[in-house]
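All of these numbers come straight from a predicted model, not from anything done at the bench.
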Amino acid sequence: DKLFQRCVSIRTLSEKKLIDKEERDSFIKEAEVCAKLNHPSILPVYGIYSDYKGNLHTIHTFLNGKNLYQYLEQIVKNFRLKGFSLANESSSLYERIYYLINILAGLEYAHKHNIIHCSLNPYRIYIGQYKEIYVAGWGMARNINDGIASSELSSALKNDVYAAPECSQPNQKVDHRADIYSLGMLLYEIVTLTPPYYGCTQDEIVQKKSNGESPVLEHRFNVQIDSDLKAIIQKAIAIDPEKRYQSVEELSKDLTRFLENEPISLRKQSFSKRYSKFIQKHQHFFSGI
């Protein structure tokens, strides 16, 4: 950008998609939504323009980093090359959850402005060179107040493993809790380092969701997953929207409590569990005794 002396990213709608009204409308809608949502975790759009050939382009902040899928794959690759370390995985997990909390902040902001994303997945989350994080891919976003029917989304999201079950079921109403399900699936992958329903075919995934089967909570490197973290994931990806977290804020608060070794909202902890977490939080004091 010569005017402001800055690097930007330019995204161009391909000629094939340009003639598709649905693709063109989605491209324009994404720019409009991002322009309205002013939050550090939502990809900023500086403008949209058409060139002399009629091609459409949007101008974004410069993305110099990886998407969430690439970031997680790099962690797995490093463990395989250098050997798995429980200590390294523990510190990495906390960093990964911290990233997700920043993603949640962006979605909480969008929901409070009556916008739901509808198509969250690891390819639409970007982690920058300086650990900045952006939610992109808002082309399927909807206004909560408009009343969203699954028929609007089913064809595009039928085979999307991260999409809430109600998005692809006939005659269902879709609301902000569909995003919470997708965020839960992202949390599942962040914690386990394995994509949800790994090894299943698309048809098997659709069938499992229809049968109310959630993905098995197993870590790629057979690490024991904390019971509190399991409970958070299971609530976020509940098949029934009424059994999920009812707001992004609730999910964010429980993840923050987990990182801070505080009791989460989902269950009362035993004295031994509370004492263990107290020791973890204040280990610097006990180590000096």
Side-chain angles (χ1 to χ4, degrees), residues 68-80 82-104 107 120-122 125 127 133 161-162 164-165 179-200 204-205 208-209 211-240 243-245 248 250-281 283:
L68 182 60
Y69 172 81
Q70 293 167 328
Y71 166 75
L72 295 175
E73 281 295 294
Q74 187 62 53
I75 291 172
V76 172
K77 183 179 179 180
N78 287 341
F79 278 139
R80 284 175 172 164
K82 301 176 182 178
F84 181 80
S85 163
L86 191 58
N88 288 343
E89 164 59 1
S90 179
S91 61
S92 173
L93 175 62
Y94 273 67
E95 181 179 78
R96 298 188 318 252
I97 293 175
Y98 173 78
Y99 281 140
L100 184 65
I101 288 173
N102 280 278
I103 296 167
L104 292 169
L107 267 295
L120 287 164
N121 64 45
I125 308 295
I127 300 171
I133 193 155
V161 69
Y162 301 90
D179 277 353
I180 292 171
Y181 179 91
S182 299
L183 290 165
M185 285 299 213
L186 291 178
L187 176 60
Y188 173 97
E189 191 162 351
I190 281 170
V191 171
T192 66
L193 294 175
T194 308
Y197 300 108
Y198 184 72
C200 296
E204 287 172 341
I205 293 170
K208 284 179 181 292
K209 284 188 176 183
N211 294 340
E213 294 180 49
S214 295
V216 179
L217 265 168
E218 292 179 352
H219 194 282
R220 183 184 285 259
F221 295 97
N222 298 316
V223 175
Q224 184 175 356
I225 300 171
D226 185 276
S227 58
D228 283 352
L229 199 48
K230 276 188 176 181
I232 293 170
I233 295 170
Q234 288 165 342
K235 186 171 181 66
I237 63 173
I239 299 296
D240 182 354
K243 294 181 180 180
R244 291 176 206 153
Y245 286 98
V248 176
E250 288 179 13
L251 172 56
S252 182
K253 283 183 177 179
D254 260 355
L255 282 175
T256 301
R257 291 185 188 110
F258 171 77
L259 290 184
E260 295 176 351
N261 290 318
E262 298 287 348
I264 64 171
S265 67
L266 300 181
R267 56 174 163 233
K268 294 180 180 178
Q269 291 183 315
S270 65
F271 175 78
S272 59
K273 181 83 171 179
R274 292 199 306 272
Y275 183 70
S276 174
K277 283 189 173 287
F278 178 82
I279 294 294
Q280 290 178 49
K281 186 175 181 180
Q283 57 184 328

Hey, does [Y] have a side-chain heavy atom less than 4.5 Å from the side chain of [X]?
X	Y	value
Tyr94	Leu259	yes
Pro122	Tyr71	no
Leu68	Leu72	yes
Lys208	Cys200	yes

Mind listing the closest non-hydrogen atom pair of [X] and [Y] along with its distance?
X	Y	result
Glu204	Gly199	OE1-O, 4.3 Å
Tyr197	Ser214	OH-CA, 3.6 Å
Tyr181	Ala164	CD2-CA, 3.3 Å
Arg244	Pro165	NH2-CD, 3.7 Å

Look up atom [atom1] in [X] and atom [atom2] in [Y], then write down how far apart they are to the nearest 0.5 Å.
X	Y	atom1	atom2	value
Asn102	Ile133	CG	CD1	6.5 Å
Leu255	Leu187	CG	CG	5.5 Å
Ile225	Leu217	CD1	CG	5.0 Å
Leu107	Leu186	CG	CG	9.0 Å
Leu104	Glu250	CG	CD	12.0 Å
Leu251	Thr256	CG	OG1	9.0 Å

Problem set entry | Stepwise side-chain contact (heavy atoms from CB on, under 4.5 Å) check, Leu193 with His219 | CA-CA 7 Å; Leu193 294 175; His219 194 282; 4.0 Å; yes
[X] side chain to [Y] main-chain N or O, any donor-acceptor pair under 3.5 Å?
X	Y	answer
Thr192	Tyr188	yes
Asp254	Ser265	yes
Asp226	Asp228	yes

For this session: Determine, for Glu262 against Arg257, whether the closest basic-nitrogen to carboxylate-oxygen distance falls under 4.0 angstrom.
Result: no
For this session: Show the numbers, then the answer: is there a salt bridge (Lys or Arg N to Asp or Glu O under 4.0 Å) between Glu89 and Arg96?
Result: CA-CA 10 Å; Glu89 164 59 1; Arg96 298 188 318 252; 2.8 Å; yes
For this session: Give the ring-plane orientation class for Phe84 versus Phe221, where under 30° counts as parallel, over 60° as perpendicular and anything between as tilted.
Result: parallel
For this session: Would you please test Tyr198 and Glu218 for side-chain contact (heavy atoms from CB on, under 4.5 Å) and show each step?
Result: CA-CA 11 Å; Tyr198 184 72; Glu218 292 179 352; over 6 Å; no
Problem set entry | Charged tip of Arg220 within 45° of Phe79 ring normal and under 6.0 Å |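 Not flagged: Arg220 not positioned over aromatic ring of Phe79.
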Distance-only criterion, 3.5 Å: show the donor-acceptor pairs between side-chain atoms of residues 230-240 and protein atoms not counting sequence neighbours.
residue: Lys235; atom: NZ; partner: Lys243; partner atom: O; Å: 3.3
residue: Asp240; atom: OD1; partner: Glu242; partner atom: N; Å: 3.0

Problem set entry | Stepwise side-chain contact (heavy atoms from CB on, under 4.5 Å) test for Tyr245 and Leu183 | CA-CA 11 Å; Tyr245 286 98; Leu183 290 165; over 6 Å; no
Problem set entry | Test side-chain contact (heavy atoms from CB on, under 4.5 Å) applied to Leu229 and Leu93, step by step | CA-CA 11 Å; Leu229 199 48; Leu93 175 62; 4.1 Å; yes
Exercise. Any chance OH of Tyr69 has more than 12 other-residue heavy atoms, nucleotides or ligands included, within less than 6.0 Å?
Worked result: no
